[in-house]
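FYI, side chains are in, hydrogens and waters are out, and symmetry mates aren't considered; it's all heavy atoms of this structure. This chain uses plain numbering: 1 for the first residue, then up along the sequence. Worth saying up front: this structure is predicted, and the values here are computed from it rather than measured. Order of appearance sets the numbers: ligands from 1, and atoms from 1 within every ligand.
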Amino acid sequence: MKKELKFKVNGQPYDIFVEPKKLLVEVLRDLVGLTGTKRGCNSSSCGACTVMLNGMAVKSCSVLALQANGAEVVTVEGLATGNKLSPLQKAFLDHGAYQCGFCTPGMLMSSTALLAENPKPTKQQMKEGIDGNICRCTGYNSIIRAVTAVVKGEYKEAK
Ligand code: FES
Ligand code: FES
């Protein structure tokens with residue numbers, strides 16, 4: 001039997017009914033309609049499904065949707081303000097920190113959560129911040145360069 005799920009996604013309130021077995025990633029993509037969050041391994045390994053749940057980066061394939069009841073969720077769609085990209089999004093673009101782009105939403109969410117918690121991470125801490133996210137294309141260096149540019153203050157304002 002479906003149960004009520006009340007939560008906010010990117011600041012917007014939702015009041016929907018979901019099956020208890022539904023994962024957060026499924027509800028975000030299929031019911032809320034935000035397909036920026038990717039579903040890769042579905043087993044908590046690749047990080048493509050990473051979103052922020054009450055400010056913490058979580059793999060939304062490992063969270064039941066009903067666990068988000070009353071919570072604030074931020075997805076990659078919530079990073080930009082209108083058509084202004086977040087500093088990290090802009091830095092990812094400028095530094096070519098993506099190729100196929102499948103990992104990019106998860107990389108952005110993990111990096112955003114890292115910088116919210118620690119605005120001046122060391123390179124090692126940056127690597128640890130995305131160590132739950134797999135990228136098959138970039139070799140990670142361009143991603144670290146993008147995060148470094150934000151940490152250095154090169155992207156203070158969304159552009
Ligand atoms: S789809 Fe969630 S970690 Fe891979
Ligand atoms: S850009 Fe293709 S998996 Fe990361």
Next item on the list: For ligand 1, note which part of C41 has a heavy atom under 4.0 Å away: side chain, backbone, both or neither.
Entry: both
Notebook entry, point to check: Does ligand 1 have a heavy atom under 4.0 Å from the side chain of S62, from its backbone, from both, or from neither?
Noted result: neither
Item checked: Y140-V150 co-clustered via ILVMFWY side chain contacts under 4.5 Å -> yes
Notebook entry, point to check: Would you say L88 and I143 are hydrophobically clustered, going by side-chain heavy atoms of ILVMFWY under 4.5 Å?
Noted result: yes
Margin query: Considering non-hydrogen atoms of the protein only, which is the closest contact for atom 1 (S) of ligand 2, and what is the distance?
Written below: Q99 N, 3.1 Å
Margin query: Can you confirm whether the side chains of T122 and Q124 place a donor and an acceptor under 3.5 Å from each other?
Written below: no
Taking only heavy atoms of [X], which atoms of ligand 2 are found under 4.0 Å from at least one of them?
{"X": "C103", "answer": "1 (S), 3 (S), 4 (Fe)"}
{"X": "C137", "answer": "1 (S), 2 (Fe), 3 (S)"}
{"X": "G101", "answer": "1 (S), 2 (Fe)"}

Check: Which atoms of ligand 1 sit under 4.0 Å from any heavy atom of G40?
Finding: 1 (S)
Next item on the list: For atom 4 (Fe) of ligand 2, decide whether C135 has an N, O or S atom at a distance under 2.8 Å.
Entry: yes
Note to self: Within the supplied structure, the quantity of interest is the number of heavy atoms (other residues, nucleotides, ligands) at a distance under 6.0 Å from Q125 CD; does it exceed 12?
What the structure shows: yes
Notebook entry, point to check: Could you go step by step and tell me if R39 and C49 meet the side-chain contact (heavy atoms from CB on, under 4.5 Å) rule?
Noted result: CA-CA 5 Å; R39 197 171 179 180; C49 65; 5.8 Å; no
Note to self: Please compare M107, K38, R136 and report which has the shortest non-hydrogen distance to atom 3 (S) of ligand 2.
What the structure shows: R136
